[in-house]
Amino acid sequence: MYNTLKAAFSSKEPPRSIAPLLWYHGEEQSLILEEIARMDEMGCGGFVIESRPHRDYLGKQWWDDLQVSIAEAKRRGMEVWIFDEEFFPSGIAGGRVLAANADYRQHVLVERRIDVCCADGEVTIPLEGLVLEGDTTIAILACKIKEDGTLHEAQMLDLTADPAEGKTLRITGAAQGQWRIMHYAAVPSFSGRSHEIFVDLLRPEVTDAFIEITYEETYRRFGDEFGGVIKGFFGDETGFENYASYDLLFGETVPSLPWTARMLQLFEEQKGYSLKRKLPALWHQLGEDTEKVRHDYMDVLTTLFAANFFGRIQKWCHDHGVQFIGHIVEDNGAHAHHGYGPGHFFRALQHFDMGGYDLVAQVIPGGQTEGFFDWGPWKQWNAGFFYWTMAKLADSATNLYNPESRTMCENFGAYGWCLGLRWMKWLSDWQIVRGTDYFVPHAFDPLFPDRDCPPHFYAQGHNPQWRFWRAWSDYVNRSTLMLQGGRHKARVGLLYHAESEWAGGTASVMPLDAAARQLLQGQIDFEFIPYDELLHAEAAPDRHGTARIRQLELEAIVVPAVKLLPVAVLAKLHELVLAGVSVIVLDKLPSGDTGGEHNKACEWVQRIWGSGLANATVCQLSAAADWLRAMGHWDLAVTEGPSRFPLLQYYAVEHKGLTAFFINNEHLEDTFDGWVTLRCDGAPELWQPLDGSIRPAAMYRSEEGAVHVKLRLAPYQSLFIVVHEERAGAGAYIEAATFPELLAVDLSQPVQGLAAEPGQYEVQWSDRTEPAIFTVEGPALAPVALDAPWRIAKASAKEYPQFTEVAGLYGAGDLNKIAPLIFDSFSGTAAYRQNFHFPHETEGLHVELDLGEAGETVQVILNGKELGVKLCPPYRYHVSDSIRPGSNELEIRVTNTLHSEMRDPYSAIRFPFGLLGPVRIISYYRVPLK
């Protein structure tokens with residue numbers, strides 16, 4: 001496995017895991033073919049055909065465009081996925097499902113109510129505003145209101161069967177006091193995306209109609225390519241769509257709820273009691289049963305939705321040799337709500353062949369990691385959910401249901417033209433360190449200019465950073481390669497508490513992002529575990545203290561604070577505690593059951609957390625990571641250096657004979673400089689996906705069961721530490737050194753000590769008791785500042801590499817401000833040129849060119865030799881082989897994004913443009929440490 005992985009990682013053509021969205025509008029096919037060619041040239045392994053929308057969707061031109069695209073993909077050896085909808089959300093075929101059968105129209109459940117006073121046991125109620133034309137009455141109920149404002153279920157009258165002739169409804173035999181009259185009606189959907197043409201996806205025959213119109217028709221035309229060039233279909237953002245909201249559950253302010261014609265019957269079949277008289281509990285407090293009814297209602301809905309929509313599509317795909325991928329709406333709490341959401345993330349995602357999510361401008365490098373956004377149009381969005389929870393949900397779905405598959409992200413949409421490769425590198429690291437290993441960039445668009453959710457990456461050759469896209473794609477392809485085919489190494493499960501939220505309300509549960517943030521900031525990785533899966537956990541007979549949940553092996557279960565926890569979940573937790581599994585509840589214990597059996601729940605709580613078991617505890621949220629580490633449930637720890645570095649993130653994958661740790665510094669200002677301890681055996685190697693290089697760890701210590709590695713990661717830096725079991729004990733290694741820097745070039749050369757000052761330096765080898773002494777002789781090597789003015793030339797993307805000289809000399813700084821008349825609306829490349837004097841002989845030196853800051857993608861040409869591209873900081877080049885004593889010619893090319901030329905409402909920031917500096921030449925004496 002090691003040699004296979006090493007060869008693929010080091011290759012100039014790493015295996016490809018990028019399949020962008022390719023938008024189809026009905027343009028000339030030559031433009032589509034050009035986009036496909038550009039994607040292939042720049043390292044994409046396939047693409048997703050998406051109508052955006054196509055002017056002849058499912059018509060002759062649509063099928064002709066698919067025919068040409070599929071043939072071209074096959075010729076190039078690329079994969080094709082087909083977006084299953086005209087726009088989004090998926091499930092309506094652009095209105096064709098409803099057009100085929102008007103009975104399929106989605107209906108939602110609404111409550112209309114009036115409060116009346118009954119003085120003498122009889123009251124007449126006007127029906128105006130309570131019953132409207134077009135209503136399908138589900139129930140009309142009258143219920144006495146208690147003094148505390150809740151409803152008195154024991155005093156409820158069912159008026160549904162009473163004739164509602166005329167304009168009034170008469171009630172007799174009612175107790176004296178305040179009464180609430182509630183009309184529950186199914187009405188055509190009136191809010192939500194595409195609500196005028198949305199259909200009832202809770203009904204299997206409606207999903208079958210959607211499949212017939214889209215999937216089956218595609219198969220009839222291209223079935224021979226299914227399982228070959230056509231890999232499958234991409235479903236997008238399907239949710240209940242009963243109302244346009246991310247946040248809905250229950251209560252008096254809820255405008256509508258999901259419904260289907262057979263809901264009363266299906267509910268009673270599954271739950272054993274009638275929903276009709278319990279309907280008020282969905283809007284009001286109806287005594288002790290309120291929480292149970294709300295839980296059961298969502299339980300039935302989410303089970304129906306998952307099986308009758310997502311499940312039927314996935315089965316059809318598997319029956320036809322292809323896969324079903326895509327994502328739902330996860331935003332804020334929508335993953336556990338109705339409205340835009342599907343009600344339960346994992347019940348939906350178990351029917352996708354990749355765990356998937358959508359990254360649409362909600363994570364900003366250096367931006368908010370908790371609280372609600374305080375800028376732009378996203379102020380209603382919870383930054384903490386997007387940063388800490390969203391991607392982990394998707395990866396956990398993959399690891400639970402499809403561990404041999406991948407975790408997909410539709411990424412970069414709506415970031416605006418300000419998004420360049422610098423941010424793309426940071427965002428890619430953010431995704432990879434959360435387990436994402438299949439990228440669907442949003443988007444390639446044959447139209448230019450197009451205002452629809454930029455950026456568009458090729459932009460018909462207008463994107464000035466396009467020529468560097470291959471450097472980014474190779475980086476992503478190498479990184480995702482390392483995650484594929486292995487097993488995510490996480491010892492902790494964090495419970496996904498949708499059912500508790502349904503029953504008790506959003507305020508009754510600790511936000512998932514609060515728990516996820518505390519664990520990840522403490523370098524405790526985890527899997528989200530839904531209650532459904534925990535109930536099938538088994539204590540591993542061969543590993544005491546381990547719970548097996550499908551393919552996962554977990555040593556600890558973390559319970560976020562919830563008011564209500566199902567009795568069955570508590571019973572399972574007790575079983576696992578007795579088997580040695582650690583169970584930690586955060587902040588406070590549950591006080592009841594989602595099904596109303598509160599006394600039983602409290603008994604189980606006492607057995608688990610009140611019996612003095614060392615592996616069961618209640619812990620403050622802020623101390624959770626420390627407790628788990630103290631109990632041994634960790635794989636990476638910061639052991640020397642910064643006492644706390646919350647934005648140092650990692651993801652570990654076990655392959656046969658080795659463990660790969662992807663480690664990422666997400667901080668934009670602070671450098672991590674310290675030691676990390678890895679829970680594994682072997683010799684560590686540093687694999688750098690930016691260039692495919694592999695080198696030994698310059699300094700580390702090893703003991704049984706752990707490897708300690710010295711690590712320095714500046715902002716924007718990441719790498720893999722690969723610990724190879726077979727290389728353990730292969731030879732002596734450096735455990736400590738007083739050299740300011742150590743340089744490991746590759747696996748075949750000795751580590752080099754770097755020092756700018758003469759003197760004696762110590763190196764402690766693993767096989768010696770005394771340190772070795774190395775002497776550096778010569779004058780001190782001071783940095784050379786390149787602070788003289790620069791000559792500047794410029795070229796747009798279409799002009800490059802033909803530059804036009806800009807009159808005058810310029811210092812380092814933001815060209816938007818230094819020369820706004822020339823550069824404020826200029827998108828392209830600025831070339832900085834200067835001759836400088838290098839005062840040292842180069843033999844025996846290690847020399848670096850440090851550009852300081854730049855905005856944003858950088859190329860360097862020194863003495864006619866191209867030294868490569870830097871997508872992001874640190875902008876440092878090794879120039880030992882290209883610099884010469886005396887006079888040198890230096891050219892630095894800095895390329896910005898299209899944002900200067902194409903202003904848009906999506907971009908969150910205006911980046912500086914140009915060489916910001918300071919620019920220095922830094923030299924060291926180089927000492928081979930043999």
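Residue Y761 is tested with F739, F774, Y925, Y924 for a ring pair (Phe, Tyr, Trp, His ring centres under 6.0 Å); the sole match is F739. Across Y716, Y650, F645, a single residue satisfies ring pair (Phe, Tyr, Trp, His ring centres under 6.0 Å) together with F672, and that is F645. Test K656, H724, H655, E685 against Y2 for side chain to side chain donor-acceptor pair (under 3.5 Å) and you get one pass: E685.
A salt bridge does not link R644 to D626: none of the charged side-chain nitrogens sits closer than 4.0 Å to a carboxylate oxygen. Using a cutoff of 4.0 Å between basic side-chain nitrogens and carboxylate oxygens, D673 and K710 are scored as salt-bridged. Of the charged side-chain nitrogens involved, at least one lies within less than 4.0 Å of a carboxylate oxygen, so that D635 and R491 count as a salt-bridged pair. Between E762 and R768 there is no salt bridge, since no side-chain nitrogen of the basic residue lies less than 4.0 Å from a carboxylate oxygen of the acidic one.
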For L648 and L713, what are the C-alpha separation, side-chain angles and deciding distance, and is it a side-chain contact (heavy atoms from CB on, under 4.5 Å)? CA-CA 9 Å; L648 185 75; L713 288 178; 4.1 Å; yes

Decide yes or no on side-chain contact (heavy atoms from CB on, under 4.5 Å) for R910 and S900, but give the supporting numbers first. CA-CA 8 Å; R910 177 82 187 278; S900 290; 3.2 Å; yes

After noting the C-alpha distance and the side-chain angles of W765 and L929, does the key distance pass the side-chain contact (heavy atoms from CB on, under 4.5 Å) rule? CA-CA 10 Å; W765 296 91; L929 305 180; 4.1 Å; yes

What do the steps show when you test V638 against W675 for side-chain contact (heavy atoms from CB on, under 4.5 Å), and what is the final call? CA-CA 6 Å; V638 176; W675 289 76; over 6 Å; no

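Panel note: side chain N896, backbone G828; a donor-acceptor pair is recorded below 3.5 Å. Side chain of S11 to main chain of A7: no donor-acceptor pair is present (N/O by atom type, distance under 3.5 Å, no hydrogens or angles). A distance-only check finds no donor-acceptor pair linking the side chain of S473 to the backbone of C44 [under 3.5 Å]. With D746 contributing its side chain and Q749 its backbone, the two residues share a donor-acceptor pair below 3.5 Å. A donor-acceptor pair under 3.5 Å links the side-chain atoms of W388 to the main chain of T369, judged by distance alone. Although no hydrogens or angles enter the test, the distance criterion places no donor-acceptor pair under 3.5 Å between the side chain of N835 and the main chain of E889. A donor-acceptor distance shorter than 3.5 angstrom exists from the side chain of Q484 to the backbone of D437, with no hydrogens or angles considered. Using modelled atom types, no side-chain atom of Q649 and backbone atom of V433 make a donor-acceptor pair closer than 3.5 Å. Formation of a donor-acceptor pair under 3.5 Å by the R16 side chain with backbone atoms of G45 is not found in this model. Side chain of R695 to main chain of Q688: no donor-acceptor pair is present (N/O by atom type, distance under 3.5 Å, no hydrogens or angles).
Residues S718 and Y475 have side chains that bring a donor and an acceptor to within less than 3.5 angstrom of each other. A donor-acceptor contact closer than 3.5 angstrom is absent between the side chains of E735 and H708. There is no side-chain donor-acceptor pair under 3.5 Å between R701 and T639.
Contact between L815 and A830 at its shortest, heavy atoms only, is CD1-CB, 3.8 Å. Here the closest heavy-atom approach between residue S10 and residue I694 is recorded as OG-CD1, 3.6 Å. Shortest non-hydrogen contact noted between R629 and W634 is O-CD1, 3.5 Å. For the residue pair V707 and S702, the shortest heavy atom distance occurs at CG2-OG, 4.4 Å. Nearest approach of A797 to P464, heavy atoms of both residues: CB-CA, 3.6 Å. Here the closest heavy-atom approach between residue G43 and residue N477 is recorded as O-ND2, 3.0 Å.
Atom CD of E841 has 12 or fewer neighbouring heavy atoms from other residues, nucleotides or ligands inside a 6.0 Å radius. The 12-atom threshold is exceeded at CD of E654, counting heavy atoms of other residues, nucleotides or ligands nearer than 6.0 Å. Heavy-atom neighbours of E770 CD from other residues, nucleotides or ligands within 6.0 Å: at or below the threshold of 12.
Rounded to the nearest 0.5 angstrom, Q465 CD and L421 CG are separated by 4.5 Å. With values rounded to the nearest 0.5 angstrom, I792 atom CD1 is found 8.5 Å from L915 atom CG. Once rounded to the nearest 0.5 Å, the distance linking OH of Y810 with OH of Y832 reads 10.0 Å.
Checked against the 6.0 Å centroid threshold, W466 and W469 count as a close aromatic pair.
Side-chain contact between Q523 and V676: absent, with no pair of heavy atoms (C-beta onward) separated by less than 4.5 Å. You'll find the side chain of D525 stays beyond 4.5 Å of the side chain of L636, heavy atoms only. Annotation: side chain of H633 is not in contact with side chain of F526 (no heavy-atom distance under 4.5 Å). At a threshold of 4.5 Å between non-hydrogen side-chain atoms, the residues R876 and I922 count as touching. Two residues are said to be in side-chain contact when any heavy atoms from C-beta on lie closer than 4.5 Å; V919 and L849 meet this criterion. For the pair V858 and Y877, the minimum side-chain heavy-atom distance is below 4.5 Å. Between P912 and E853, every side-chain heavy-atom pair lies at or beyond the 4.5 Å cut-off. Here the side chains of F836 and I883 are in contact, with some heavy-atom distance below 4.5 Å.
In this structure, F720 and F662 have tilted ring planes: the angle between them lies in the 30° to 60° band. Using a 30° and 60° split on the angle between ring planes, Y387 and W426 fall in the tilted class, from 30° to 60°.
Judged by a 6.0 Å distance limit and a 45° cone about the ring axis, R893 is not positioned over the six-membered ring of F803.
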